[in-house]
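What follows is one structure encoded as structure tokens, with my remarks underneath.
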Amino acid sequence: MAIKNWKEFLTPYEQAVEELKVKLKSIRKEYRRKNEYSPIEFITGRVKEVSSILEKANKFNIPLQRLQYEMEDIAGVRIMCQFVDDIQRVVEIIRERKDMQILYEKDYVANVKGSGYRSYHMIIKYPVNMAEGQKEILAEFQIRTLAMNFWATIEHSLNYKYKQQIPSEIKQKLKKAADAAFRLDEEMLEIKDEIKDAQKLFEVKSDLISTIMNNILSLMSIGKLAEASRYQVSLNKLIEEGEVWELNNLLHLVQRDIEKYKEI
Ligand code: 0O2
Ligand code: 0O2
């Protein structure tokens, strides 16, 4: 395939990756807007490099004209989760969607690969609207925890370094590291509620602090500079160690002042 044709061939895949990233990011935003815990931590996506497509086509004997039907991960989207049980929630969210069709799933979380690799894969068929009409492409979701992602990223770069021939003693160490990463995931899961509470508390506090800041700015904008700087000092004292009730009290005081001065 000539360079120009590769560009044309890969365009719908590029569009699909961008669209899927936007769609998944908005799920995360929706949870955050509702002040709820999001099973999605972050998302990355890529279109496979031409050299990797050729290498894989060669390995699996896929003729170039069959690529679009037989190579499932030309468009790849990775969804990172904080906890192992978030993976299943993400899988269910994707299963419910009407804008993509799941072709099949591979559960490498339960069925860990020989290398130590863990992730949940979903292969989908996804319609992309191009200038000349709709085109259906195949795409792969890889859903994994942060620990699984850490391991896979490192193992992937070692595979690159050793051209898929990682020496056996390093392979063994990698396998042990994969098991350790999984134990970490399991231990984190045991204190998930504790961690979620801490994260929630952090979010509540950040929201309160930015609302107080906005109110202090409003005080400044109506010329009450001395009051604003007094509240700023109080806020500074609470930022590090303040409790939610103390921040709430401060917010009420600033808001009461603003109302009072607006009436004058
Ligand atoms: P936010 O608000 O930081 O979440 P592009 O859309 O092409 O410009 P893309 O693909 O979104 O860029 O960026 P990239 O570099 O692939 O990274 C995707 C997102 O994952 C980025 O966020 C990174 O900040 C985020 N990311 C990468 N590594 C980590 C990590 O270890 N932890 C967390 N929480 N996030 C990480 P965005 O999309 O810029 O937006
Ligand atoms: P990339 O884009 O470089 O990541 P395979 O038989 O493993 O060659 P297959 O049958 O297409 O591939 O499917 P599989 O096993 O589900 O793997 C698809 C993708 O999962 C791989 O893409 C990797 O991204 C990831 N993966 C699978 N096994 C491993 C592993 O042992 N280590 C790491 N780091 N990633 C893995 P590619 O083709 O390698 O391409």
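Computed from a predicted structure; not experimentally measured. Order of appearance sets the numbers: ligands from 1, and atoms from 1 within every ligand.
Contact annotation: the side chain of Met148 never approaches that of Met80 to less than 4.5 Å [non-hydrogen atoms, C-beta and beyond]. Side-chain contact between Ile195 and Phe83 is present, with at least one heavy-atom pair separated by less than 4.5 Å. Under the 4.5 Å side-chain criterion, counting only non-hydrogen atoms from C-beta, Trp6 is in contact with Leu54. Counting heavy atoms from C-beta outward, Ile43 and Lys23 have side chains that stay 4.5 Å or more apart. Using a 4.5 Å cut-off on side-chain heavy atoms (C-beta onward), Glu96 and Glu92 make no contact.
There is no path of hydrophobic side-chain contacts, each under 4.5 Å, that joins Tyr261 to Met220.
Each of Arg46, Lys48, Lys56, Lys59, Phe60, Asp73, Arg78, Lys106, Tyr108, Lys113, Ser115, Tyr117, His121, Glu140, Gln142, Ala152, Glu155, His156 has a non-hydrogen atom positioned under 4.0 Å from some atom of ligand 2.
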